[in-house]
**Q** 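Have a look at this one.
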Amino acid sequence: MKKEPGNFIAEWFGHRVYPVVAETPASLQDQAAERCPFLTEVTGKQTKCVKRANSAGVCTISSTSNGSRQDWLACPFRALDRDMLNDAAHRLFGHAQGDDVSIVAVPVLEDKAATEEVRKRVADGKPTIVYFQNKLGGEISISPTDRSPEFSFDATMIELLSDGSGALAVGRYGVFEIQTMDFHGTYQKAVANLRNASHMHAGEFGKAIASHPQWLCEKVEGPNIANAFKRTFYQMMFKFQIGAHGTSAGCILAIPRAVWDSWQRHLGRPDLVEYGDGTWRLVQEGNEPVENPPAWIYVFDVEESATDTPNSLALWRVIGTDAATLSHYTLDVAPEAALEAGGSVDRLRSQITLRLSKYLPELAPTKARIKKAAAGAGQMTL
């Protein structure tokens, strides 16, 4: 039996195409117009997908790279989920979940009525948060110095306050980072297949896609997991430290569950501590969890549906931590696991010797060594 390909475009212009296919008037309209439903919702204006032609419309990739099939994020705007943004704003700025908190993308303030509503809310003492993002007013950056690099934030939330005289004032800021994934291969062929299907199979798009899933995986390869963690780690440490500064409300990193699962080897597979309020903590061994850590990791799943579209994002874990703890697990715990007797570093010398023995036969392991190595491997699997 031929093995099923591992990687498929899962969502196209915000709507599910694998392993089930959404076919509603809204999904078909978004796909025909090449519209981003997430940017359209937060701005209140019809907004096209901002990605290049070869990857246009690709929101998530369904991949078996972790063993089971999971959705991986291919576009940061896919995470513009109102429920998650609301949760993030309430948590960062210390509001109870039932509080009336308004969250407004900065471009919305170009509308005079929206601006007046914001001013009125602030004057009335109602919590009001505005946010910048790449295509929503532009990213906020910190400038380089001779001893530190330049960094920009995926999304920056800012609380607006009254200065006491009725004028607007800027309060604390919070950082909201979104982890997307780099993929090997190209989306070009699969995107072209979807475009062609939407035109050639008008009226039966869902049926055509469902019966030809191979269209969605042509030339699409798996995520570059190791590179993504290396690329993310330093930025994550840096921004978590920025979030711990007194003028900041904190930092949130939002990642799909697939990414969290792929991180486990890099973190030494740590145990999370359930806090009791529905959230979790990642703390160093022997440390007590704190109520309000400076950094949070939001781990979410895409709730797969052919009818509720775009699919909702569901928070699987909300994890409180800090930069020092993540550094400890990445730079102390995981290397210790590699250095343990019988661990991967311990086996490295044997691997080197075996490889060299192809060129220098006298280095070939003896039968006794092979037997001893096999016994050690057997003990490790028990």
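Given the structure is predicted, the values throughout are model-derived calculations rather than measurements.
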**Q** Within this structure, what is the NZ-OG distance for the pair Lys126 and Ser102, rounded to the nearest 0.5 Å?
**A**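 The NZ atom of Lys126 sits 10.0 Å away from the OG atom of Ser102.
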**Q** Hey, is the main chain of Ser27 close enough, under 3.5 Å, to the side chain of Thr24 for a donor-acceptor pair?
**A**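 Side chain of Thr24 to backbone of Ser27, a donor-acceptor pair under 3.5 Å: yes, one is there.
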**Q** What distance do Cys251 atom SG and Ile297 atom CD1 have between them, rounded to the nearest 0.5 Å?
**A**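 Separation between the atoms: 9.5 Å.
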**Q** Is it the case that the ring center of Phe176 lies less than 6.0 angstrom away from the ring center of Tyr131?
**A**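 Distance test on ring centres: not under 6.0 Å, no.
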**Q** More than 12 heavy atoms of other residues, nucleotides or ligands under 6.0 Å from NZ of Lys51: is that the case?
**A**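 Above 12, so yes.
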**Q** Is it true that the side chains of Asn66 and Ser262 contain a donor and an acceptor less than 3.5 Å apart?
**A**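 Asn66 vs Ser262: no donor-acceptor pair found between side chains.
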**Q** Would you compute the distance between atom CD of Gln31 and atom NE2 of His15 and round it to the nearest 0.5 angstrom?
**A**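 These two atoms lie 6.0 Å from each other.
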**Q** Measuring from atom CZ of Phe300 to atom CD of Gln179, what distance do you get when rounded to the nearest 0.5 angstrom?
**A**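 It comes to 9.5 Å.
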**Q** Below 4.0 angstrom, N of the basic side chain to O of the carboxylate: do Glu159 and Arg172 qualify?
**A**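 Yes, Glu159 and Arg172 are salt-bridged.
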**Q** Counting neighbours of NE2 on His245 that are heavy atoms of other residues, nucleotides or ligands and sit closer than 6.0 Å, is the number greater than 12?
**A**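 Open: at most 12 neighbouring heavy atoms sit under 6.0 Å from NE2 of His245.
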**Q** Under a 3.5 Å cutoff, is there a donor and acceptor pairing between the side chains of Arg281 and Thr279?
**A**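 Judged by distance alone, the side chains do pair up.
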**Q** Would you check if the side chain of Asn134 reaches a backbone N or O of Glu139 as a donor-acceptor pair within less than 3.5 Å?
**A**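 No; zero donor-acceptor contacts below 3.5 Å.
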**Q** Determine whether a donor-acceptor pair (N or O, by modelled atom type, separation under 3.5 Å) exists between the side chain of Thr115 and the backbone of Leu109.
**A**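 The answer is yes, because a donor-acceptor pair under 3.5 Å joins these two groups.
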**Q** Does Asp271 have more than 12 heavy atoms from other residues, nucleotides or ligands lying within 6.0 Å of its CG?
**A**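 Incorrect, the count does not exceed 12.
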**Q** Counting only heavy atoms not in Glu288, do more than 12 sit closer than 6.0 Å to its CD atom?
**A**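 Atom CD in Glu288 is not packed in, count stays at 12 or less.
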**Q** Side chain of Asp111, backbone of Val108: donor and acceptor closer than 3.5 Å?
**A**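 Flag not set: sc Asp111 to bb Val108 has no pair under 3.5 Å.
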**Q** I'd like to know if Arg257 and Asp71 make a salt bridge, using a cut-off of under 4.0 Å between side-chain N and carboxylate O.
**A**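 No salt bridge links Arg257 with Asp71.
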**Q** Considering the options Ile178, Val318, Leu313, which one meets the side chain to side chain contact (heavy atoms under 4.5 Å, CB included) requirement together with Tyr298?
**A**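 Between Tyr298 and the candidates, side chain to side chain contact (heavy atoms under 4.5 Å, CB included) is satisfied uniquely by Val318.
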**Q** Rounded to the nearest 0.5 Å, how far does NE2 of His266 lie from OG1 of Thr232?
**A**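 Between Thr232 OG1 and His266 NE2, I get 10.0 Å after rounding to 0.5 Å.
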**Q** Distance from Gln46 atom CD to Leu39 atom CG, nearest 0.5 Å?
**A**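 If we round to the nearest 0.5 Å, Gln46:CD and Leu39:CG are 11.5 Å apart.
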**Q** With a 4.0 Å cut-off, would you call Glu23 and Lys207 a salt bridge?
**A**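 Not counted as a salt bridge, because no side-chain N and carboxylate O are separated by less than 4.0 Å.
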**Q** Assess, by modelled atom type and distance only, whether the side chains of Thr40 and Arg35 contain a donor and an acceptor separated by less than 3.5 Å.
**A**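 No donor-acceptor contact under 3.5 Å links the two side chains.
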**Q** Taking the six-membered ring of Trp296, is the NZ or CZ of Arg91 close enough (under 6.0 Å from the centre) and on axis enough (within 45°)?
**A**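 Yes, Arg91 sits over the ring of Trp296.
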**Q** Would the distance check show the side chain of Thr321 and the main-chain N or O of Leu282 forming a donor-acceptor pair, the cut-off being under 3.5 Å?
**A**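 Yes.
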